[in-house]
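Please read the structure below before turning to the comments.
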Number of protein chains: 2
Amino acid sequence: MAYSIPTRQSTADIIFAQLRKEIMSLDLLPGTKLSEAEVAAKFGVSRQPVREALNLLSSESLVEIQPQKATRVGRFSMRRIEAARFARRAIEIEVLKNASENWSDVYAPSFARCLDAQRRAVAEQDTHSFQTLDEEFHALMADVAKAPFAFQQIKSHKSYIDRICALSLKDAAEMAVLVRDHEALLTHLAAQDATGAEAALRIHLSRIEKTIAAVHHANAEYFND
Amino acid sequence: MAYSIPTRQSTADIIFAQLRKEIMSLDLLPGTKLSEAEVAAKFGVSRQPVREALNLLSSESLVEIQPQKATRVGRFSMRRIEAARFARRAIEIEVLKNASENWSDVYAPSFARCLDAQRRAVAEQDTHSFQTLDEEFHALMADVAKAPFAFQQIKSHKSYIDRICALSLKDAAEMAVLVRDHEALLTHLAAQDATGAEAALRIHLSRIEKTIAAVHHANAEYFND
DNA sequence: GCAGGCAATCTTGTATGGTAGTATGGTATT
DNA sequence: AATACCATACTACCATACAAGATTGCCTGC
């Protein structure tokens with residue numbers, strides 16, 4: 001059996017991961033200049049690995065490379081947001097359909113544990129834990145659907161939205177609503193009611209709209225359109 | 001208004017596009033070694049732009065970079081195929097739902113023209129034209145759904161599958177079946193019958209399965225799993 | 001005073017040299 | 001004879017140097 005994984009990280013990989021982290025967490029705000037030379041100096045390496053990292057980040061739209069001019073932290077695009085939400089919704093609906101068909105009560109305890117933990121996180125207003133548990137919940141659904149890869153796809157679309165929402169603090173009331181959404185989803189799932197689950201999911205995923213609109217209004221300078 | 005697009009292509013962009021084309025068309029077979037130096041010599045440029053192109057291709061899984069060892073044209077992965085098909089199906093189903101709601105007869109002529117052209121392509125066994133017209137048909141549906149971006153997403157997943165199918169010649173009979181699928185889809189769409197359209201789409205997208213299985217069986221050396 | 005152009009200085013893009021990791025084939029040792 | 005070890009040749013990776021496009025501001029000419 002392959003024990004694998006030592007997978008030596010290259011310098012470019014490290015820069016990529018670090019920059020990505022700082023961009024996603026908004027330590028680096030959209031529009032910030034990221035010249036190759038500056039970043040290279042900051043990390044104490046040459047421009048080449050930095051350049052490679054920026055190229056990869058560019059393919060995720062996390063940085064905008066203006067040829068011969070400048071490289072900046074990527075601004076948000078409403079069109080792209082819409083596209084990401086559309087894809088995420090589509091994929092997760094398909095997940096729910098499969099999950100409904102494949103449902104078995106052996107999955108129930110995992111969901112129960114996850115929901116319990118979510119309720120605790122809400123009570124303690126631990127937004128970071130909640131974020132993790134929310135992802136776990138959606139990952140569980142993908143497992144039930146026998147499509148674990150789908151969660152990776154969902155996550156890649158979700159991450160683009162998450163960066164925006166990092167501009168807005170979540171309060172306990174909002175989180176409580178989301179937990180109730182999760183409970184409803186689980187109920188439909190356990191009843192193998194795909195139609196009901198789909199409707200519940202559409203509501204669940206639409207709650208983010210007002211947050212996005214608020215952020216867009218309050219931080220227009222971080223947006224392209 | 002910006003006439004845009006002159007967007008000067010960098011050397012790296014050219015190498016990227018050219019390699020991508022050759023890989024997608026199977027002029028470069030999966031597993032073929034692609035050392036930076038060789039490719040650079042072939043194109044008469046230095047290794048750096050080649051390296052950047054290969055990095056980007058790697059992020060699309062079109063090449064596999066084995067650190068310090070070798071870079072090869074990417075082999076197929078059944079897991080990845082499954083994931084791509086899943087996402088494409090999910091997105092296109094969501095497209096159909098929206099398209100059903102937004103349907104108006106003003107779209108009918110465009111579809112009619114496209115289908116006519118498809119029938120001609122089948123009659124003339126012009127597989128290349130058919131491929132283009134097939135994409136146009138699916139793009140039209142995304143337009144009706146008022147989600148043109150969705151076609152881009154569909155295309156990115158579809159392209160991974162297309163490379164595999166390039167290993168198998170399409171005959172006229174298969175194409176004729178696909179045209180009939182398109183006709184059925186259009187009928188359901190025009191009737192604003194989302195459920196029927198979804199069922200028709202699932203059938204349409206499942207036809208590729210036997211092609212993939214055949215290719216997998218006949219060309220196991222091009223696969224990872 | 002104003003406009004056009006030129007030069008300095010940013011930026012990213014490309015080329016080349018050198019380094020370190022990996023595999024392979026030969027050799028010596030058990 | 002089989003195995004462990006070492007030298008060599010290959011690779012991707014990183015650093016440095018150079019080139020070229022883009023912007024800014026000054027400076028000259030009108």
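Lettering follows sequence order; numbering is per chain, from 1.
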Quiz item: So A:E174 and A:R207, salt bridge (Lys or Arg N to Asp or Glu O under 4.0 Å) or not? Walk me through it.
Solution: CA-CA 9 Å; A:E174 292 181 56; A:R207 299 208 190 274; over 6 Å; no
Self-check item: Selection from C:dT11, C:dG13, C:dA15 that lies nearest to any side-chain heavy atom of A:R51
Solution: C:dG13
Quiz item: What nucleotide, of D:dA15, D:dA12, C:dT11, holds the atom closest to the side chain of A:E38?
Solution: C:dT11
Quiz prompt | A:P109 versus A:V106, closest heavy-atom pair with distance | solution = CD-O, 3.3 Å
Quiz item: Rounded to whole angstroms, how far apart are CZ on B:F43 and C1' on C:dA15?
Solution: 17 Å
Quiz item: Do you know which two heavy atoms are closest between B:R163 and B:P30, and how far apart they sit?
Solution: NH1-CG, 3.9 Å
Self-check item: Nucleotide of D:dA12, D:dT23, C:dT22 approaching A:K69 most closely (side-chain heavy atoms)
Solution: D:dT23
Quiz item: Can you check the A:R72 CZ to C:dT11 C1' distance for me, whole Å?
Solution: 11 Å
Practice problem: Scan B:L34 against the nucleic acid and name what it touches under 4.0 Å (heavy atoms): base, sugar-phosphate only, or nothing. | Solution: sugar-phosphate
Self-check item: Atom pair distance, as rounded to whole Å: CD in B:E52 and C1' in C:dA15
Solution: 12 Å
Quiz item: Closest nucleotide of DNA chain D for A:V45 versus for B:A70: which of these residues is on the 5' side?
Solution: B:A70
Self-check item: Closest contact, heavy atoms only, A:L185 versus A:L96
Solution: CD2-CD1, 3.8 Å
Quiz item: Starting at CD of B:Q9 and ending at C1' of D:dA20, how long is that distance when rounded to a whole Å?
Solution: 17 Å
Quiz prompt | Nearest-Å distance for atom pair CG/P, residues A:L54 and D:dC14 | solution = 14 Å
Exercise. Would you kindly give the CD-to-P distance between A:Q48 and C:dT16, to the nearest whole Å?
Key: 14 Å
Quiz prompt | Distance, rounded to the nearest Å, where B:I65 contributes CD1 and D:dC10 contributes C1' | solution = 17 Å
Quiz prompt | Rounded distance (Å) that lies between atom P of C:dT19 and atom CD of B:E36 | solution = 18 Å
Quiz item: Quick check, are the ring centers of B:F223 and B:F76 under 6.0 angstrom apart?
Solution: yes
Practice problem: Please tell me which of the listed nucleotides, C:dG13, C:dA20, C:dA15, lies nearest to the side chain of A:Q68? | Solution: C:dG13
Quiz item: What nucleotide, of C:dT22, D:dT11, C:dT14, holds the atom closest to the side chain of A:R47?
Solution: C:dT14
Exercise. Tell me whether the OP1 or OP2 atom of C:dT12 has a side-chain N or O from A:T71 closer than 4.0 Å.
Key: yes
Quiz item: Can you check whether B:T11 has a side-chain N or O nearer than 4.0 Å to OP1 or OP2 of C:dT14?
Solution: yes
Practice problem: Taking only the side-chain heavy atoms of B:S46 (C-beta and beyond), determine which of C:dT11, D:dT11, C:dT14 contains the nearest atom. | Solution: C:dT14
